[in-house]
Amino acid sequence: MHPDLSLKENVTHGTKEHPIRAMHFTTGANTPYPDHFFVKRHWHSYIEILHIQKGTYLIEINLQEHLLHTGTLCILNSGEPHQITGLDPDTVHEVLLFTPEILDFSYEDEWEAQSIAPFLTQSLMIKNILHPEDAGYSQILTVFYKAVHCVHTQTAGWYPRCKLYLLEWFLLICEHQLLLPAKSVLSASSIRKITRYKTIISYMEKHYPEPISLQQLSDLIPCNSQYLCRFFREIAGVSPMQYLITYRIERACFLLLHTTQSVTEIALDCGFENISYFIRKFREIKGDSPKEYRQRHI
């Protein structure tokens, strides 16, 4: 996990006036991803469209894994937890993110009432994976790259033109019946599981500087502590308290690199009341003491 990002991503993509962002990712030597591309599980309110130009990726969406190859188009709905792992050292993909509200109309015409409004309230969701052989793929991909080009070049009038492309893109989604009832995409049990997981994660990331007990976390769902540990470990691979410790250490890493606070101040700010325990856990997770980590990375 990057230390300045939470699982509920708080990064702003674009601006309030232009809430669209396009990004190009290439991995390999002399890139920010020399070994392989990886983004830890997170979620955000934006729609994310990802096109794989080269390589194979393992993408987890709503806790389900999908193996995707060159050419695949992946669409992530607002709030869907996802994790992206490149399985090859040299991969290439293009990403477009935009706030779904820019599709909205103040006038409630037929399209607004039947498709756009239900999509914004998430009673309808876009199908996540689109392969080259699927109906509508070529048209949808063409409009996607028109929008991407607008964002990258930002010539005069780029934003309204890009917005028109996104409306055309959404129309193609509707025409090819890729807008599906939410209950057909996720079962009630899956929705409940994801909601519980997000509730626990969000609470820990908001309150990590404070004392947090297993009982407090259990009360959020609510459930008993044994169920919580089993449920959380099944998803995250670690216990809730181990996840909390790791998250606190990641926040400490950020403060070590971006502030002049002392190790003691950072430990206390990150929820560690015992400084010796903080240093021991930091070394277990990072391989260095906090002081050594600061010296090696600044």
**Request:** Answer yes if L179 and L166 sit in the same cluster of Ile, Leu, Val, Met, Phe, Trp and Tyr residues linked by side chain heavy atoms under 4.5 Å apart, and no otherwise.
**Result:** yes
**Spatial distance of atom CG (L130) from atom CD1 (I140) [nearest 0.5 Å]** = 5.0 Å
**Prompt:** In Å, rounded to the nearest 0.5 Å, how long is the span from CZ of R296 to CG of L257?
**Reply:** 11.0 Å
**Aromatic ring pairing H93/F25, orientation class (parallel under 30°, perpendicular over 60°, tilted between)** = parallel
**Request:** Show your working on side-chain contact (heavy atoms from CB on, under 4.5 Å) between R196 and I221 and close with a plain yes or no.
**Result:** CA-CA 6 Å; R196 287 176 171 178; I221 299 184; 3.1 Å; yes
**Prompt:** Do H24 and H51 make the cut of ring centroids closer than 6.0 angstrom?
**Reply:** no
**Prompt:** Considering residues, nucleotides and ligands other than H149, do more than 12 of their heavy atoms fall under 6.0 Å from its NE2?
**Reply:** no
**Prompt:** Rounded to the nearest 0.5 Å, how far apart are CZ of F278 and OG1 of T264?
**Reply:** 9.0 Å
**Request:** Test the R251-F254 pair against the cation-pi criterion, namely NZ or CZ under 6.0 angstrom from the six-membered ring centroid and within 45° of the ring axis.
**Result:** yes
**Prompt:** Any chance the rings of Y46 and F98 have centres within less than 6.0 Å?
**Reply:** no
**Request:** With rounding to the nearest 0.5 Å, note down the distance linking CG in N62 to CH2 in W43.
**Result:** 11.5 Å
**Message:** Using a strict threshold of under 4.0 Å (side-chain N to carboxylate O), is an ion pair present between R283 and E292?
**Reply:** yes
**Test item: I84 and F38 side chains (from C-beta on) under 4.5 Å apart, heavy atoms** = no
**Request:** Take H44 and H82 through the ring pair (Phe, Tyr, Trp, His ring centres under 6.0 Å) test and state the conclusion after the steps.
**Result:** CA-CA 9 Å; H44 44 67; H82 54 281; 5.0 Å; yes
**Request:** State plainly whether one hydrophobic cluster holds both F37 and L87, where clusters connect Ile, Leu, Val, Met, Phe, Trp and Tyr through side-chain heavy atoms under 4.5 angstrom apart.
**Result:** no
**Asked** Checking side chain to side chain contact (heavy atoms under 4.5 Å, CB included) against R294, which of T260, D288, L256 comes through?
**Response** L256
**Prompt:** So, do F282 and F272 have ring centers that fall under 6.0 Å from each other?
**Reply:** no
**Asked** Got a sec: does the CD of E110 have more than 12 other heavy atoms crowding it under 6.0 Å?
**Response** no
**H207 side chain vs Y203 backbone, donor-acceptor pair below 3.5 Å** = no
**Asked** Tell me, do H66 and I61 make a side-chain contact under 4.5 Å, heavy atoms counted?
**Response** yes
**Request:** Output yes when a side-chain donor or acceptor of T155 lies under 3.5 Å from a complementary backbone atom of W158, and no otherwise.
**Result:** no
**Item:** Over 12 foreign heavy atoms within 6.0 Å of CD, E210
**Value:** yes
**Prompt:** Closest heavy-atom contact between L120 and P100?
**Reply:** CD2-O, 3.3 Å
**Prompt:** Is the side chain of N128 donor-acceptor paired with the backbone N or O of I75 at a distance under 3.5 Å, no angle test?
**Reply:** yes
**Message:** Would the distance check show the side chain of Y227 and the main-chain N or O of P222 forming a donor-acceptor pair, the cut-off being under 3.5 Å?
**Reply:** no
**Item:** Beyond-backbone contact of T91 with T56, side-chain heavy atoms, under 4.5 angstrom
**Value:** no
**Message:** Please check this pair: side chain of T121 against backbone of P118, looking for a donor-acceptor N/O pair closer than 3.5 Å.
**Reply:** yes
**From D219 atom CG to S213 atom OG, the distance as rounded to the nearest 0.5 Å** = 7.5 Å
**Message:** A side-chain contact here means heavy atoms from C-beta on lying under 4.5 Å apart; do S123 and P181 qualify?
**Reply:** no
**Asked** Do the side chain of N77 and the main chain of E80 share a donor and acceptor less than 3.5 angstrom apart?
**Response** no
**Prompt:** Quick one: OH on Y208 to CG on L244, what's the gap to the nearest 0.5 Å?
**Reply:** 11.0 Å
**Request:** Kindly work out whether a path of hydrophobic side-chain contacts (I/L/V/M/F/W/Y, heavy atoms less than 4.5 Å apart) joins M241 to L220.
**Result:** yes
**Prompt:** When you check the gap from the basic side-chain N to the acidic O, do E234 and K193 get nearer than 4.0 Å?
**Reply:** yes
**Asked** Can you check side-chain contact (heavy atoms from CB on, under 4.5 Å) on L268 and E265, steps first, answer last?
**Response** CA-CA 5 Å; L268 294 174; E265 289 173 326; over 6 Å; no
**Message:** Keeping N274 on the side-chain end and S276 on the backbone end, is there a donor-acceptor pair under 3.5 Å?
**Reply:** yes
**Message:** Test your reading of the model: is there a side-chain donor-acceptor pair from T72 to the backbone of L68, 3.5 Å cut-off?
**Reply:** no
**Message:** Do V95 and I129 sit in one hydrophobic cluster, given that two such residues count as connected whenever their side-chain heavy atoms are within less than 4.5 Å of each other, even indirectly?
**Reply:** yes
**Asked** Going by heavy atoms in the side chains, are F170 and F119 under 4.5 Å from each other?
**Response** yes
**Request:** Please step through side-chain contact (heavy atoms from CB on, under 4.5 Å) for the pair K54 and D90, ending with a clear verdict.
**Result:** CA-CA 8 Å; K54 179 183 179 183; D90 52 341; 3.2 Å; yes
**Item:** Cationic N near anionic O, under 4.0 Å, E205 to R248
**Value:** no
**Request:** Taking the side chain as every heavy atom from C-beta outward, state whether E60 and L63 have any pair of such atoms under 4.5 Å apart.
**Result:** yes
**Request:** Examine distances only and state if a side-chain atom of T259 and a backbone atom of L255 form a donor-acceptor pair shorter than 3.5 Å.
**Result:** yes
**Request:** Might you point out which heavy atoms bring A147 and C162 nearest each other, and give the distance in Å?
**Result:** O-SG, 3.7 Å
**Asked** Under 3.5 Å, is there a donor-acceptor pair linking the side chains of S187 and S189?
**Response** yes
**Item:** Cluster check Y145, V151: I/L/V/M/F/W/Y, side chain < 4.5 angstrom
**Value:** yes
**Message:** For a 4.5 angstrom cut-off between non-hydrogen side-chain atoms, does P89 reach D35?
**Reply:** no
**Message:** Taking the side chain as everything from C-beta on, heavy atoms only, tell me whether Q83 gets closer than 4.5 Å to V39.
**Reply:** no
**Message:** Set out, in order, the CA-CA distance, both residues' side-chain angles and the distance that settles side-chain contact (heavy atoms from CB on, under 4.5 Å) for I212 and L217, then state yes or no.
**Reply:** CA-CA 8 Å; I212 297 177; L217 297 177; 3.8 Å; yes
**Request:** Using the salt bridge (Lys or Arg N to Asp or Glu O under 4.0 Å) rule, take R21 and E48 through it: C-alpha gap first, then chi angles, then the decisive distance, then the call.
**Result:** CA-CA 10 Å; R21 185 179 182 189; E48 181 172 348; over 6 Å; no
**Request:** Determine the interplanar angle of the Y159 and H18 rings, folded into 0 to 90°, and report it as parallel if under 30°, tilted if 30 to 60°, perpendicular if over 60°.
**Result:** tilted
**Request:** For residues I245 and I285, report the shortest heavy-atom separation together with the two atoms involved.
**Result:** CG2-CD1, 4.2 Å
**Request:** Determine yes or no for a side-chain-to-main-chain donor-acceptor pair under 3.5 angstrom, with D104 supplying the side chain and E101 the backbone.
**Result:** no
